[in-house]
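Notes follow once the structure below has been shown.
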Amino acid sequence: MSEELASRLDPQAIEPARYAKWQEGGYFHVPSSRVLEDAADPYVIVIPPPNVTAVLHMGHGLNTTIQDVLIRWRRMQGAAALWVPGTDHAGIATQNVVERELAAKGCMRDDLGRDRFVTAIWNHVHETGGAILEQLKAIGASCDWDRTRFTLDDELSRAVREVFVHLHERGLVYRGEYIINWCPRCLTALSNEEAEGQETQGSLWHLRYPLPEAANSAARAASEAGADAIGQLDDGRWYLTVSTTRPETMLGDTGVAVNPKDERYAPLVGCDVELPLTGRVIPIVADAHVDPDFGSGMVKVTPAHDPNDFDIANRTGLEVLNVMTPEASMSENAPEVFRGMDRLDARKAVLVALGEQGLVAGEDAYTRSVPHCYRCGTVVEPRLSLQWFVKMKPLAEPALRASQDGTITFTPSHWQRVYEHWMENIRDWCISRQLWWGHRIPVWYCACGEEIVSREDPTDCPKCGSAELEQDPDVLDTWFSSQLWPFSVFGWPEKTPDVEAFYPGNAMVTAPEILFFWVARMIMMGYEFFGEPPFTEVYLHGTVRDMKGRKMSKSLGNGIDPLEVVNTFGADAMRYTLVSQAAVGTDISLDHEDVEAAFANGRNFANKIWNAGRFALLSVGDAPVKPLSEVEPDLALEDRWILSRLRDASQNATRGLERYRLHDVAESLYHFFWGEVCDWYLEWVKARLADDGDASSREAARSTLVTVLDESFRLLHPIMPFVTAELWSRLPWPEGKERPEDLIIASWPDGADRYEDEDAERDFAALRELIVEVRRLRKEYGVAEGERIRIHLSGADAALVDTVSAHLPALERLARVNGVEQGGSSGIGAHAVLGGGRELFVPLEGVIDLERERSRLGEQIARLQAHGEATAKKLQNENFVSRAPEDVVQKERDKLVQLEQQANTLQQKLNELGGGKS
RNA sequence: GGUCGCUUAGCUCAGCUGGUAGAGCGCCACGUUCACAUCGUGGAUGUCGCAGGUUCAAGUCCUGCAGCGACCACCA
């Protein structure tokens, strides 16, 4: 006999120990030989590697749980289910963390120098990094920890180099001077994806640029042609008007552009204009990009600080003048008074200076999307600089096709269009970062001008032989290495058995936020290096939010610590709660102010499972259990019923998992286990399990119960691995049946080995309905708990009376019924209409409140009649009868007959009780 | 500006291929004879955002509107 189990589930008492057992058993580890030699089907998921310094939050909790459910399920199905864990070096994020730490000590990264700073980060990573992986274990993540990887591992760094050099050889990596997104705080370039637009209230200022005398006639002509933007200052000088949201950039203007088709300004094209505050004179050019209908139709052109203006300059030959420093203060190219000013201070100063000269024509409120750094939130500055880029169009083509032809599927499916839209409009990717933490760009420069792009560190220049080579100081975007994750973790570019066995993988489970950052790029890389995608199913789950719909975050203080939840309610409780709420395509909302309420459902369910198991173990005892096949002839109705339901539950679960409808799976298993196994089956067989019962009946119940629990635990295991494994390990086992070491590797019950027992389902459902009705009537009429009652049954199904008679002991316990008769529903009592044309009458002489019963019957009759009329009307409708499917019509006909019959019976009853016609 | 999503019980949300609405939590009543009070039994609660349309039949499909939200975008 197993030791006494506590009446409450104590997750802390079982979860850590069980996890340790799994690790010792090596169940998480999948060697390539399982695929290559044993021919097992691989099922591979690579984890979205969390930032190495990240602290676990509920989003990780959700992401991890979903992946673990899938992995555990596939593992039970017999697949070589491999889940590869690891962490990401997270370039900017990690560097920022360490910079902040240093800053607290009054130290800047430049004080340390590159080598010592990088060492400091490594120290930090070694000290605190990877803690998140330990935290994942508390949730129950069954990752193959032997394969834990870090994007800066030597092997993975080799992959990064191989890819960079390969793409360079293909002409897809290039270096050039372009406008990029620049974070003046992080002091690095960002990709387009890393610059997050935020709607910002700002102003659109209208500025006047004076025209030199030489342009007077042209200006007058333009003005007369109806150009409102042209006018005369107080001193008689002509001016033109341009608009901007960033007035400080005017200091870097090198021209003014108009649309070549804009006839208003045609005379001015080719003229010069005076740029205020600078003493410079800049030309007016024509460029098709200018929209004549926006603002004045004249655009100030600042090639060094605006991507469009940069393009205009390239087309029209305007100069490029960078007036800002990397920190986004005004540089030495700006007039002296503004030098050193921060861009926002300069903005004000420029407006004041222009205002003094009467050159500010006005200001309109203006809301626009302003790009912010995704790591520090600073407003990103468009900046001209020399960077490395990847040419994306050729890489995107196969990745786009994969989505279009269904090779890759998205769940929920609407992400497919988002993905395709991005692929279709893909822009080149700026991959160089002016950081120190990351993969250094494998390019060396020689004084002779030679540029060496190499897989190995070169020792000397192949052209001039000089050993004085300087490596490019920049590192690669952290996502450059992340995109290789599905194969770099397996040792690529080496031809390893792991690559052969585990690439490509199957599913990618992640949040939609990184669809472009990561998912899309992994797919492109998969095609580039393998000709096939790294996975074929992309499951994008929702975001965890608080009750106000805000994303949980540290800064808002509205987060829930998953570890706290695990400690107080258990990993099983958390997993169930998350999965049951994670309907496809929806976010999850949890109350951070009432964590107990948020996870009560999961905790209660885990406890319910625990207690059901506890009861079953006590009732079944230690004696050997016979296999179900041996007790088959002794199976009672309730046994056959629950076994049939078990089959249904298995099939539902399997189908749900296949379609990523995890929330349906969780919910249907919940209702099966709690609502059917616990509420009905266990209650029903209590008596049979008692020692004093009939021996063969007891054996049949024991076998059934063990089978039901065995398979229920298997079905629940992917979602709630701990409590199920714990109980399962204590389950008595049928003689002669081989028992797996642990539930984690037990086979998945798909229900195929069971048959559906329609008779049992029907009969049991009838009994169940009867019991519920009797209970309801007892309550309604206030029949005392201890009082036994006789019931009368009538209606279409006479056989039911026999069935009920045969199960009187159960009815006695569950509904306090001590006898059943057919028909004879006369006299005073409670009357209920059951489904299937059956009626229930409970004689309650002396108990019943006649007045109340009359009105009750009246209401019930009215309801039945209304329903009947609606049904009759439907059946009178020619169109319905002729067009609806036959079975639907027949169903309606049956319904009508039944309703009329029931109404009649009740009316009769009402008459007997002396009630009037309803 | 474009694209997409959401609006269902007091709260948080399900409802896949159209056939008179569901869960969890909360609420009300009763109940601690031994699996579980993190429980049991029973109960109440919704003109499924608004207006049209398709259909025999619409929460479920179509159109428009309103409110909320997300993503994308080089209109200064």
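In what follows, chains carry the letters A, B, and so on, assigned in the order in which the sequence lines appear, proteins first and then strands, with residues in each chain numbered from 1.
RNA chain B lies under 4.0 Å from at least one heavy atom of each of the following residues of residues 595-606 of chain A: A:Asn601, A:Arg603, A:Asn604.
Screening residues 571-596 of chain A for ring pair (Phe, Tyr, Trp, His ring centres under 6.0 Å) gives A:Tyr576-A:Phe605, A:Tyr576-A:Tyr670 as the qualifying pairs, with residues at least two apart or on separate chains. The salt bridge (Lys or Arg N to Asp or Glu O under 4.0 Å) contacts involving residues 420-429 of chain A comprise nothing, where partners must be two or more places apart or lie in separate chains. For residues 573-592 of chain A, every residue pair satisfying the salt bridge (Lys or Arg N to Asp or Glu O under 4.0 Å) rule, not counting sequence neighbours, is listed here: A:Asp68-A:Arg575, A:Arg545-A:Asp587.
Here the separation of B:rC28 from B:rC62, taken at their C1' atoms, is 43 Å to the nearest Å. For the C1' atoms, the distance from B:rG24 to B:rU32 is 25 Å, rounded to whole Å. Spacing of P atoms, B:rG69 relative to B:rC13, comes out at 14 Å, to the nearest Å. Rounded to whole Å, the separation between the P atoms of B:rC6 and B:rG49 comes to 12 Å. Using C1' as the reference atom, B:rC65 and B:rG26 are 35 Å apart when rounded to the nearest Å.
Close to B:rA35, at under 4.0 Å from its OP1 or OP2, lies no side-chain N or O of A:Ser619. Phosphate proximity of B:rG42 to A:Arg776: absent, as no side-chain N or O sits under 4.0 Å from OP1 or OP2. Distances shorter than 4.0 Å separate some side-chain N or O of A:Trp674 from OP1 or OP2 on B:rG40. Between A:Arg661 and B:rG15 there is a side-chain polar atom (N or O) within less than 4.0 angstrom of OP1 or OP2. The phosphate of B:rU12 has neither OP1 nor OP2 within less than 4.0 Å of any side-chain N or O from A:Lys548. Taking side-chain N and O atoms only, A:Lys686 has a distance below 4.0 Å to OP1 or OP2 of B:rA35.
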Mark up nucleotides 44-49 of chain B, 5' to 3', with B wherever a protein heavy atom is under 4.0 angstrom from a base atom, S wherever such an atom reaches only the sugar-phosphate, and - elsewhere.
------
Scan nucleotides 71-76 of chain B nucleotide by nucleotide, 5' to 3', and note B when protein non-hydrogen atoms come under 4.0 Å of the base, S if they reach only the sugar-phosphate, - if neither.
-SBBBB
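In this structure, the separation between OG1 on A:Thr245 and CG on A:Asp364 is 12.0 Å, given to the nearest 0.5 Å.
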Which atom pairs, donor and acceptor, lie under 3.5 Å between side-chain atoms of residues 873-880 of chain A and protein residues at least two apart or in another chain?
unit_1   : atom_1 : unit_2   : atom_2 : d
A:Asn877 : OD1    : A:Asn879 : N      : 2.8
A:Asn877 : OD1    : A:Phe880 : N      : 3.3

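In this structure, the CZ atom of A:Phe615 is 14 Å from the C1' atom of B:rG40, given to the nearest Å.
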When you look at A:Tyr374 and A:Phe517, which way does the ring-ring contact (aromatic ring centres under 6.0 Å, His included) test go after all the steps?
CA-CA 12 Å; A:Tyr374 85 137; A:Phe517 276 114; 5.3 Å; yes
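Every residue was checked against the side chain to side chain donor-acceptor pair (under 3.5 Å) condition with A:Lys779, not counting sequence neighbours, and none meets it. A search for salt bridge (charged side-chain N to carboxylate O under 4.0 Å, His left out) contacts involving A:Lys608 returns nothing, not counting sequence neighbours. Scored by the side chain to side chain donor-acceptor pair (under 3.5 Å) test, A:Asp679 finds no partners at all (sequence neighbours excluded). With sequence neighbours left out, A:Trp422 forms a side chain to side chain donor-acceptor pair (under 3.5 Å) with A:Glu193.
With hydrogens and angles ignored, no donor-acceptor pair closer than 3.5 Å exists between the side chain of A:Arg614 and the base of B:rU38. Not a single donor-acceptor contact under 3.5 angstrom links the side-chain atoms of A:Glu780 to the base of B:rA29.
Looking at RNA chain B, the stems built from 3 or more consecutive Watson-Crick or G-U wobble pairs, each pair with its key distances under 3.5 Å, are B:1-7 with B:66-72, B:10-13 with B:22-25, B:27-31 with B:39-43, B:49-53 with B:61-65.
Using a 4.0 Å cut-off between charged nitrogen and carboxylate oxygen, A:Glu596 and A:Arg603 count as a salt-bridge pair. Salt bridge present: A:Arg246 and A:Glu381 bring a charged side-chain N and a carboxylate O closer than 4.0 Å.
In this structure, of B:rU3, B:rG24, B:rA35, it is B:rG24 that holds the atom nearest to the side chain of A:His671.
Checked against the 6.0 Å centroid threshold, A:Phe410 and A:Tyr660 do not count as a close aromatic pair.
Looking at heavy atoms from C-beta onward, A:Ser589 lies out of side-chain contact with A:Asp546 at the 4.5 angstrom threshold.
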